[in-house]
**Student:** 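Submitted below is the structure of interest, expressed as structure tokens.
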Amino acid sequence: MIEPRTLKGFRDHLPAQALARERILDVARQVYRSFGFAPIDTPALEYLEILTGKGSAETDKQLYRFTDHGGREVGMRFDLTVPFARFCAQHIASLGTPFKRYHMATVWRGENTQRGRYREFMQCDFDTIGTTSPVADLETVLVVHDLLAAIGIERFTIRINDRRVLGGVLASLGLADRATDVLRSLDKLGKATRDAVKAELIGHGVVADAVEKLLKMAELSGSMADVLAGLESLVADSESGRAGVAALRAILDGVQAAGVAEGRVVVDPSIARGLDYYTGIVLESFLDDLPTLGSICSGGRYDNLAGLYTKQALPGVGASLGIDRLLAGLEELGKLSAVETPAEVFLVFFDEAHLADYLRVASALRAAGMAVEFFPEAKRVGQQLKVAAKKGFPAALVIGSDEFAAGTAQFKNLATQQSTTIDWHGDLHVLVDAVRSQMVSR
RNA sequence: GUGGCUAUAGCUCAGUUGGUUAGAGCACUAGAUUGUGAUUCUAGGGGUCGCGGGUUCGAGUCCCGUUAGCCACCCCA
């Protein structure tokens with residue numbers, strides 16, 4: 001016998017989890033579409049050169065790669081951004097700009113696993129390309145907000161910053177050439193201790209005076225107005241830095257105008273993001289009840305998405321929801337439902353002689369838009385109800401020979417164990433209407 | 001990829017300085033009960049002790065390796 005097992009970092013999804021996943025995917029699809037983003041898809045496999053071209057040494061290491069049967073060097077996509085860049089280089093001429101798309105698909109990274117970190121996981125990206133409008137930046141933040149809210153997360157925070165602010169501060173400190181290292185160190189504030197970050201910065205050759213200024217920047221706090229004012233004074237001598245602060249201010253004003261609750265979107269000068277292609281706003285979002293999980297939805301603005309594949313400059317802005325990390329978080333917080341069925345009505349198979357009647361009833365309910373599971377075996381009623389309750393059906397419909405004779409049915413609320421009698425006199429329309437109203441008032 | 005912790009039934013766990021045939025609760029199956037999820041009672045299925053070596057008269061227990069999970073680094077969703 002072969003031992004059944006799954007690869008490290010790869011997982012099976014049982015119904016309870018798969019239902020939760022699909023629900024979030026449905027919500028994401030709905031929110032993206034509500035802003036006019038259109039769906040696309042790309043292959044899981046790409047020519048290796050497409051994927052390795054822009055990647056850092058790190059992503060190259062994490063790439064799943066192999067030689068296919070035709071001798072081609074291929075790789076599995078490790079994010080949705082790089083394939084999208086290739087996609088745009090090939091198709092933007094026929095799509096036109098600005099172009100808004102969403103893409104929800106599986107990606108693979110051969111890195112070490114941890115809580116909320118897998119080797120196979122799904123990303124739900126959306127991007128607006130071909131425009132440098134600040135409205136697109138604002139809209140990106142609004143989409144993330146609406147998405148997390150629509151998923152039903154009550155406590156979350158979207159943290160935004162602007163690379164130009166960081167760049168301005170670094171330039172004024174003469175650290176532009178060490179930007180990546182410095183930003184990565186600053187990014188650890190909140191996770192590592194202040195002294196550890198300090199030591200790391202000094203290790204990067206930052207002089208003590210500059211270290212203090214960097215920490216002062218990253219630790220700016222108070223009202224949003226205070227933070228923005230603080231940043232403004234730090235970047236006073238940098239034109240792009242001032243532009244960055246203005247952009248952040250515009251986003252805060254915009255989300256307020258759009259009716260986003262206070263505190264949901266905040267400026268956090270320590271948000272840098274490791275990815276070095278970001279050039280404007282950057283954003284990360286966190287579950288307030290589980291900040292150590294890491295960001296569940298991140299993104300930002302970039303100047304040139306597809307420079308490796310086309311001469312056409314394609315600026316854009318977008319973000320990505322990490323649905324598997326989010327699910328790991330929701331599960332840890334006990335916010336995932338244990339329901340194992342997508343159906344609402346469990347139809348008990350009571351009396352074998354009435355099989356045809358059960359099939360008619362089930363069909364009528366389905367035609368009316370209800371999901372119905374008809375139990376395939378005429379086993380004991382108690383057993384069938386037990387199964388139904390365990391799987392989380394909200395309701396069961398019990399119609400035995402007595403009920404068929406009397407033209408009635410028992411509608412059983414499986415959560416409260418209470419039954420009500422439906423008089424349908426053999427008229428399926430009456431039965432369907434009654435079940436529907438019972439489901440609603442349940 | 002580097003380092004640390006962990007692994008016994010479907011789940012949660014017990015298992016004595018190494019000593020007979022590895023246990024409990026819950027869950028599951030059948031029956032008491034051929035018309036209703038509980039309770040009770042009866043019977044039952046299910047474990048190569050993650051896997052592979054080693055030490056020993058004897059290993060679930062000690063040692064080494066390996067796989068997986070978790071944690072830290074790194075990076076990120």
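Side chains included, hydrogens not; waters and symmetry mates left out as well; all remaining heavy atoms used.
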**Student:** Just one of A:R366, A:Q438, A:M439 clears the side chain to side chain contact (heavy atoms under 4.5 Å, CB included) bar with A:V345, so which one?
**Tutor:** A:M439
**Student:** Whom does B:G44 pair with, Watson-Crick or G-U wobble, provided both distances fall under 3.5 Å?
**Tutor:** B:C28
**Student:** Nearest to the A:R115 side chain among B:A77, B:G31, B:C71, which nucleotide is it?
**Tutor:** B:C71
**Student:** Would you kindly give the NZ-to-P distance between A:K386 and B:C26, to the nearest whole Å?
**Tutor:** 13 Å
**Student:** What is the distance, rounded to the nearest whole Å, between atom CZ of A:R119 and atom P of B:C76?
**Tutor:** 17 Å
**Student:** For A:L397 and B:G35, what is the distance between atoms CG and P respectively, to the nearest whole Å?
**Tutor:** 19 Å
**Student:** Assess A:R101 against A:F84: is NZ or CZ under 6.0 Å from the centre of the six-membered ring, and within 45 degrees of the ring's axis?
**Tutor:** yes
**Student:** CD of A:E331 versus C1' of B:C70: gap in Å, rounded?
**Tutor:** 14 Å
**Student:** Using atom P in both nucleotides, what's the gap between B:C75 and B:G18 to the nearest angstrom?
**Tutor:** 45 Å
**Student:** Report the base-pairing partner of B:U56 (Watson-Crick or G-U wobble, both distances below 3.5 angstrom), or none.
**Tutor:** none
**Student:** Using whole Å, what does the distance between atom C1' of nucleotide B:C70 and atom CD of A:E332 come to?
**Tutor:** 11 Å
**Student:** Assign A:D324 to base, sugar-phosphate, or nothing according to its heavy-atom contacts below 4.0 angstrom with the strands shown.
**Tutor:** nothing
**Student:** Under a 3.5 Å cut-off for both contacts, is B:G1 paired Watson-Crick or G-U wobble with anything, and if yes, with which nucleotide?
**Tutor:** B:C73
**Student:** Has A:F350 got its ring stacked on the base of B:G35, with centres under 5.5 Å and planes less than 30° apart?
**Tutor:** no
**Student:** Just checking A:Q418: base, sugar-phosphate only, or nothing, at a heavy-atom cut-off of under 4.0 Å?
**Tutor:** nothing
**Student:** Do the side chain of A:R117 and the base of B:A77 come within less than 3.5 angstrom through a donor-acceptor pair of N or O atoms?
**Tutor:** no
**Student:** Honestly, is A:R109 close enough over A:Y64, meaning NZ or CZ under 6.0 Å from the six-membered ring centre and within 45° of the axis?
**Tutor:** no
**Student:** Starting at CD of A:Q383 and ending at C1' of B:U36, how long is that distance when rounded to a whole Å?
**Tutor:** 12 Å
**Student:** Please state whether the base of B:C76 and the side chain of A:R109 form at least one donor-acceptor pair under 3.5 Å?
**Tutor:** no
**Student:** Taking atom types as they are modelled, is there a donor-acceptor pair under 3.5 Å from the base of B:G1 to the side chain of A:Q62?
**Tutor:** no
**Student:** Which listed nucleotide (B:C75, B:G69, B:G37) is nearest to the side chain of A:K8?
**Tutor:** B:G69
**Student:** For A:D79 and A:V82, indicate whether the former's side chain and the latter's backbone hold a donor-acceptor pair under 3.5 Å.
**Tutor:** yes
**Student:** Taking CD1 from A:I323 and P from B:C76, how many angstroms apart are they, rounded to a whole number?
**Tutor:** 22 Å
**Student:** Under the 3.5 angstrom rule, does the side chain of A:Y309 hit a backbone N or O of A:C88 as a donor-acceptor pair?
**Tutor:** no
**Student:** Write down the distance between CG (A:D79) and C1' (B:C75), rounded to a whole number of angstrom.
**Tutor:** 13 Å
**Student:** In terms of side-chain heavy atoms of A:N112, which of B:G37, B:U2, B:G35 is nearest?
**Tutor:** B:U2
**Student:** Suppose you measure atom C1' in B:G46 against the same atom in B:G54; what distance do you get, rounded to whole Å?
**Tutor:** 31 Å
**Student:** Please classify the nucleic acid contact of A:L321 as base, sugar-phosphate, or nothing, using heavy-atom distances under 4.0 Å.
**Tutor:** nothing
**Student:** Passes ring-ring contact (aromatic ring centres under 6.0 Å, His included), A:F375 versus A:F349? Steps please.
**Tutor:** CA-CA 6 Å; A:F375 200 74; A:F349 191 175; 8.4 Å; no
**Student:** Is there a donor and acceptor pair closer than 3.5 Å between the side chain of A:E284 and the base of B:A77?
**Tutor:** no
